[in-house]
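Contents: one structure, followed by commentary.
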Amino acid sequence: SIRPWLYCIPLSIILIGTFNVSNYYLLRQKSFKNMSNAKMLQGISLSSLQVSFAFFKSLGLILGLVFGQIISSLFIFSKAKKYWNKIETPSIDRIKDNLKNYKVMPIYSAPGALADSLSQQSPVFFISHFFGELFTGLFGLTSRILRLPSSLISASVSQVVYKKIIDDMNEGKKDITKFVFKTFVLLQVIYLPFVLLIWFYGEDIFGLVFGTEWKESGSVAKIIIIAVSIQFSVSPLSSILGLKEVIKLGVIWQFTYLITITITLFYFSKFKLNIFLWAYVIHECILYLFYLVLILKGARKLEGITKKCVA
C-alpha cells in the first residue's frame with residue numbers, strides 16, 4: 001500500500017539537497033536571521049502539516065514531510081538567491097585543491113549519513129511492523145509535537161555553534177570544549193520546563209488539544225519526552241563532528257547508533273508497547289550521552305590543532 005508513495009523519495013532528496021546547500025550558503029554570508037526563519041518554518045510546517053494529515057494515519061506523515069520540505073526549501077532558496085551576485089567563478093586549480101583537501105568528507109560523511117537516515121526511521125519501522133498502523137500514527141504524532149520546540153531552536157543553534165567553532169579556530173581561541181559543555185547545560189535548562197509540563201500534564205494537554213481519542217498520545221509523550229530532551233541538548237553540538245579533522249568520530253557514533261538501536265528495538269518488539277518505548281528511551285539517553293563524550297573529545301582535538309597553529 002505504500003508503493004505509490006515511494007515516488008516521493010527522489011523529490012524528497014532534491015528538496016533536502018536544496019535546503020542544505022542554501023542553508024550553508026546563508027551561513028557563509030552570516031545571514032543568521034534568514035537561517036533561523038528557515039529553520040523555524042521547516043519545523044512548524046513539517047509538524048503542523050503532519051498533524052493536519054493525521055487522519056491519513058501513517059501516510060499522513062509522508063504527506064506532511066513532503067509538503068513541509070517543499071515550503072521550507074522554496075523559502076530558503078529564495079533567500080539564498082539574493083546573494084548569488086557574490087559568487088565568484090572558481091578556477092580549475094582551486095577546485096582541484098579543494099577536492100584534495102576535503103576528499104575525506106564524502107568518504108566518511110556519505111556512509112555516515114546513510115546510517116543516520118536508517119537509524120532515524122527504525123522506530124517507525126519497528127512500531128509499524130510489530131504494533132500496527134494505529135500505534136505508528138500515535139508515535140509519529142507524539143514525536144512531531146514534542147520535537148516542535150526543539151526543531152525551532154536546536155537547528156538554528158547548531159549552525160551558530162558551527163560558525164562559532166570555525167571563528168574560534170581561525171582566531172586561535174582555546175576555549176572550544178568549555179563553550180560546548182556550557183551550551184549543552186544551557187539547552188538542558190531551556191528544555192526542562194517543557195519536560196516537566198509533559199510529564200505531569202501530558203495526557204490532559206493532548207486530550208484538550210487533539211480530542212479525547214488522542215489522550216493516549218499523552219501517555220506516550222510522558223515516556224519519550226526524556227529521549228527528546230537529551231536529543232535536543234546534544235544534537236545541535238554534533239555539527240562540530242562535521243569538520244574534516246574530527247569527522248571520523250561522528251561516523252563512529254552514527255554506525256554505533258544504527259547497530260544498537262536496531263538490536264534494542266528488535267529485541268524489545270516482543271514486549272508490550274510501554275516496555276518497548278522505555279527501552280527506546282533508555283537507549284537514547286545512553287547513546288546520546290556517548291555522543292556528547294565524542295563531541296567533547298572532538299572539541300579538545302580541535303583545541304589542540306588551534307594551539308599548534310598559534311604556536
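Just so you know, these numbers use all the heavy atoms, side chains as well, and skip hydrogens, waters and symmetry mates.
- Through direct or indirect side-chain contacts shorter than 4.5 Å among Ile, Leu, Val, Met, Phe, Trp and Tyr, I16 is connected to no other residue.
- In this structure, the side chain to side chain donor-acceptor pair (under 3.5 Å) partners of E284, at least two apart in sequence or on a different chain, are Q231, Y257.
- Atom CD1 of I205 is separated from atom CG of L197 by 4.0 Å, given to the nearest 0.5 angstrom.
- Side-chain heavy atoms closer than 4.5 Å link hydrophobic residues (I, L, V, M, F, W, Y) into clusters, and following such links, possibly through other members, connects L146 to L196.
- Among residues two or more places apart in sequence or in another chain, the ring-ring contact (aromatic ring centres under 6.0 Å, His included) test is passed with F268 by F271.
- From L296, atom CG reaches atom CG of L249 across 11.0 Å, with rounding to the nearest 0.5 Å.
- When hydrophobic residues (I, L, V, M, F, W, Y) are linked wherever their side-chain heavy atoms come within less than 4.5 Å, the members clustered with I259 are I263.
- Qualifying side chain to side chain donor-acceptor pair (under 3.5 Å) partners for S117, counting only residues two or more places apart in sequence or in other chains: none.
- Looking at heavy atoms from C-beta onward, L241 lies in side-chain contact with Y291 at the 4.5 angstrom threshold.
- Residues N274 and W278 have side chains in contact (heavy-atom distance under 4.5 Å, counting atoms from C-beta outward).
- With sequence neighbours excluded, no residue forms a salt bridge (Lys or Arg N to Asp or Glu O under 4.0 Å) with K222.
- Of all heavy-atom pairs between F19 and S73, the closest is CB-OG, 3.8 Å.
- L114 and I13 end up in different hydrophobic clusters when Ile, Leu, Val, Met, Phe, Trp and Tyr side chains are linked at under 4.5 Å.
- Shown here for S143 and I224, the closest heavy-atom pair between the two residues is OG-CD1, 3.8 Å.
- S128 places no side-chain N or O within donor-acceptor distance of the main-chain N or O of F125, the cut-off being under 3.5 Å.
- Side-chain contact between S119 and Q254 is absent, with no heavy-atom pair separated by less than 4.5 Å.
- Between Y191 and V195, some side-chain heavy-atom pair lies under the 4.5 Å cut-off.
- Residues meeting the ring-ring contact (aromatic ring centres under 6.0 Å, His included) test with Y108, sequence neighbours left out: none.
- What you find for A38 and S72 is that their closest heavy atoms are O-CB, 4.5 Å.
- At a threshold of 4.5 Å between non-hydrogen side-chain atoms, the residues L277 and V281 do not count as touching.
- Transitive grouping of hydrophobic side chains (ILVMFWY, heavy atoms separated by less than 4.5 Å) keeps I261 and V293 in distinct clusters.
- Contact detail for T264 and A279: the closest heavy-atom pair is CG2-O, 3.9 Å.
- With sequence neighbours excluded, the residues forming a ring-ring contact (aromatic ring centres under 6.0 Å, His included) with F131 are F276, listed by chain and number.
- A chain of hydrophobic side-chain contacts below 4.5 Å, direct or via other Ile, Leu, Val, Met, Phe, Trp or Tyr residues, connects I286 to I226.
- The shortest heavy-atom contact between Q120 and P123 is O-CD, 3.5 Å.
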Next item on the list: Could you give me the CA-CA distance, side-chain angles and deciding distance for Y280 and L265, then say whether side chain to side chain contact (heavy atoms under 4.5 Å, CB included) is met?
Entry: CA-CA 7 Å; Y280 166 72; L265 297 183; 4.1 Å; yes

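- Residues V246 and G298 approach most closely at CG1-O, 3.7 Å, considering heavy atoms.
- Tested against I198 for a side chain to side chain contact (heavy atoms under 4.5 Å, CB included), the candidates T142, I223, I225 yield a single pass: I225.
- Put simply, I252 and L243 are part of two different groups of oily side chains (I, L, V, M, F, W, Y) that touch within less than 4.5 Å, one to the next.
- Listed by chain and residue number, W84 satisfy the ring-ring contact (aromatic ring centres under 6.0 Å, His included) test with F77 (two or more places apart in sequence, or in another chain).
- You'll find the side chain of N37 reaches within 4.5 Å of the side chain of F75, heavy atoms only.
- Take D116 and apply the side chain to side chain donor-acceptor pair (under 3.5 Å) test, not counting sequence neighbours, and it matches no residue.
- Between I76 and N34 there is no side-chain heavy-atom pair separated by less than 4.5 Å.
- Ring geometry for W253 versus Y288: interplanar angle over 60°, hence perpendicular rather than tilted (30 to 60°).
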Result block: side-chain N/O donor-acceptor pairs under 3.5 angstrom for residues 175-190, not counting sequence neighbours:
unit_1: T177; atom_1: OG1; unit_2: R300; atom_2: N; d: 3.4
unit_1: T177; atom_1: OG1; unit_2: E303; atom_2: OE1; d: 3.4
unit_1: T177; atom_1: OG1; unit_2: E303; atom_2: OE2; d: 3.3
unit_1: T183; atom_1: OG1; unit_2: F179; atom_2: O; d: 2.7
unit_1: Q188; atom_1: NE2; unit_2: S229; atom_2: O; d: 3.3
unit_1: Q188; atom_1: NE2; unit_2: S229; atom_2: OG; d: 3.4
unit_1: Q188; atom_1: NE2; unit_2: S233; atom_2: OG; d: 2.6

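- Under the rule for a side chain to side chain donor-acceptor pair (under 3.5 Å), the partners of S219 that lie at least two apart in sequence or sit in another chain are E203.
- Atom-to-atom distance recorded for T262:OG1 and L118:CG is 8.0 Å, nearest 0.5 angstrom.
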